[in-house]
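Scroll down for the structure; my scribbles are underneath it.
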Amino acid sequence: MVPVYERVALIGLGLIASSMAHAMRRDGLAGEIVGYAKSAETRKIAREMGLCDVITDSAAEAVQDADLVVLCVPVGAMGTVAREIGPVLKPGATVSDVGSVKRNVIEAVGPHIPDGVHFIPAHPLAGTEHSGPRSGFAELFDDRYTIIVPVPGSDAEAVSRLTALWKGMGALVEEMDPEHHDLVLAVTSHTPHLIAYTMVGVADDLRRVTDSEVIKYSAAGFRDFTRIAASDPVMWRDVFLSNKEATLEILGRFTEELFALQRAIRQEDGDHLHDYFTRTRAIRRGIIEAGQDTDAPDFGRVKARQG
Ligand code: NAP
């Protein structure tokens with residue numbers, strides 16, 4: 001296959017970057033892959049694994065002559081990295097990212113991108129609770145959506161090339177504007193993570209009372225919460241700090257619904273509860289019909305990998 005980009009630089013070598021490296025290699029999508037991560041330890045692991053063709057000791061060195069640079073660092077680090085690489089980017093290159101929040105990343109990165117370099121933000125809706133260079137796998141993006149978020153003036157040719165790369169890595173690609181992206185993700189990912197963190201925190205407090213029964217008898221519902229709540233603390237801290245408005249908006253709605261259900265339980269309003277749970281069951285069916293999860297029991301734990 002003819003590579004989509006001759007030279008790709010991955011900045012940050014965690015779950016998403018390492019999955020991209022594996023997927024690009026699987027499908028021959030990049031002529032050469034160069035990588036950089038902040039710590040010497042991660043760079044050493046990446047070198048030992050042969051994750052990329054070259055691992056450099058600075059971000060500036062990694063992006064030299066790169067046709068595509070993908071920022072795969074936590075959202076709060078995007079601006080710092082962009083400032084470092086801005087002056088050495090190759091004219092005509094594309095800079096993209098994989099951050100879970102878009103408006104904030106656009107504001108942090110955009111000012112550092114020089115004229116003549118295309119900036120095309122993106123977000124693969126795929127992940128696991130694992131992190132680091134060893135956690136990636138080539139199939140992570142298969143049949144999952146990647147949202148491309150072009151900024152005003154984005155070059156159509158550069159957007160279609162980036163789209164071709166993501167499709168080559170197995171993803172389904174759609175475009176969205178940043179505000180819409182951040183609101184949708186607050187509903188589908190960010191707020192559910194916060195709820196999982198809260199539920200596991202509550203159970204942890206309770207554990208002190210019930211002497212480890214919470215772990216011993218942990219049923220599927222709670223176990224799924226603990227899986228989500230095991231996600232990388234730095235990544236999720238940054239997500240909430242940078243998608244503040246949308247998350248608070250959805251949390252406000254969530255709290256209202258929770259109070260309504262609380263009242264229904266107190267008043268023994270079985271009809272309300274039944275109607276509510278019937279509506280939510282239909283949403284689950286819709287997700288399965290859209291091919292975004294499996295109908296296997298136990299939440300398809302073996303096959304489904306959703307970020
Ligand atoms: P990860 O596994 O924790 O890896 C993060 C990487 O970024 C590490 O290699 C880290 O290097 C590096 N890094 C941090 N600060 C840096 C800096 N200033 N300069 C250079 N490298 C730096 O994270 P991930 O899960 O791949 O997430 C990366 C991005 O993808 C985040 O923006 C996240 O929002 C987004 N995302 C994540 C998921 C998911 O489910 N995990 C899904 C979609 C999108 P060291 O190892 O040396 O510290």
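Because the structure is predicted, anything quoted here is derived from the model rather than measured. All ligand and atom numbering here is 1-based and tracks the order in the structure.
Residue-ligand proximity, Met78 to ligand 1, at heavy-atom distances under 4.0 Å covers atoms 32 (O). Heavy-atom contacts of Tyr36 reach the following atoms of ligand 1: 20 (C) (cutoff under 4.0 Å). Residue-ligand proximity, Val98 to ligand 1, at heavy-atom distances under 4.0 Å covers atoms 29 (C), 30 (O), 35 (C), 36 (N), 44 (C). Of all atoms in ligand 1, listed by their number and element, those nearer than 4.0 Å to a heavy atom of Leu13 are 6 (C), 8 (C), 9 (O). Interface atoms of ligand 1 facing Val75, defined by a heavy-atom separation under 4.0 Å, are 32 (O), 34 (O). Listed by number with element, the atoms of ligand 1 under 4.0 angstrom from any heavy atom of Gly14 are 1 (P), 2 (O), 4 (O), 6 (C), 9 (O), 26 (O). Listed by number with element, the atoms of ligand 1 under 4.0 angstrom from any heavy atom of Thr128 are 40 (O), 41 (N). For ligand 1, the atoms sitting less than 4.0 Å from at least one non-hydrogen atom of Pro124 are 43 (C), numbered in the order shown with element in parentheses.
In terms of N/O distances under 3.5 Å, ligand 1 is not approached by His130. Considering both main-chain and side-chain atoms, Gly132 comes within under 3.5 Å of ligand 1 through a nitrogen or oxygen pair. Not a single N or O atom of Ile11, backbone or side chain, sits closer than 3.5 Å to an N or O atom of ligand 1. Considering both main-chain and side-chain atoms, Leu15 comes within under 3.5 Å of ligand 1 through a nitrogen or oxygen pair. Any N or O atom pair closer than 3.5 Å counts here, and Ala77 shares no such pair with ligand 1. Polar contact check, Ser131 against ligand 1: no nitrogen or oxygen pair lies under 3.5 Å apart. The shortest N/O to N/O separation between Ser100 and ligand 1 falls below 3.5 Å.
Among residues two or more places apart in sequence or in another chain, the side-chain hydrogen bond (donor to acceptor under 3.5 Å, both in side chains) test is passed with Asp142 by Arg26.
Note on Ile148 and Val70: same hydrophobic cluster, where clusters join Ile, Leu, Val, Met, Phe, Trp and Tyr whose side-chain heavy atoms are under 4.5 Å apart, directly or indirectly.
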Passes side-chain contact (heavy atoms from CB on, under 4.5 Å), Ile55 versus Tyr36? Steps please. CA-CA 6 Å; Ile55 300 289; Tyr36 166 75; 5.9 Å; no
Hey, mind stepping through Val73 and Lys38 against side-chain contact (heavy atoms from CB on, under 4.5 Å) and telling me if it holds? CA-CA 9 Å; Val73 300; Lys38 188 176 58 171; over 6 Å; no
Apply side-chain contact (heavy atoms from CB on, under 4.5 Å) to the pair Arg7 and Val34, showing each step before the final yes or no. CA-CA 7 Å; Arg7 191 172 155 113; Val34 185; 3.7 Å; yes
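Nearest heavy atom pair, residue Ala229 against residue Tyr197, reads O-CE2, 3.2 Å. Ala62 approaches Ala9 most closely through the heavy-atom pair O-CB, 3.4 Å. Here the closest heavy-atom approach between residue Arg25 and residue Gly50 is recorded as NH1-O, 2.7 Å. Considering every non-hydrogen atom in both Gly31 and Pro3, the closest pair reads N-CB, 3.6 Å.
Within 6.0 Å of the CZ atom in Arg47, the count of heavy atoms belonging to other residues, nucleotides or ligands exceeds 12. Within a 6.0 Å radius of NZ in Lys90, other residues, nucleotides and ligands contribute more than 12 heavy atoms.
Counting heavy atoms under 4.0 Å from ligand 1, residue Glu129 does not touch it at all. Of the heavy atoms in Thr42, only side-chain atoms (C-beta onward) come closer than 4.0 Å to ligand 1. Counting heavy atoms under 4.0 Å from ligand 1, residue Lys38 touches it through both backbone and side chain.
Comparing heavy-atom distances from atom 14 (C) of ligand 1 across Gly12, Gly35, Pro74, Pro233 singles out Pro74 as nearest. Residue nearest to atom 31 (C) of ligand 1, selected from Val70, Val73, Leu185: Val73 (by heavy-atom distance).
Heavy-atom distances between Ser19 and ligand 1 stay at or above 4.0 Å for every pair.
Annotation: side-chain hydrogen bond (donor to acceptor under 3.5 Å, both in side chains) contacts involving residues 108-124, sequence neighbours excluded, comprise His123-His181.
Side chains of Tyr145 and Gln292: a donor-acceptor N/O pair is absent below 3.5 angstrom, by distance only.
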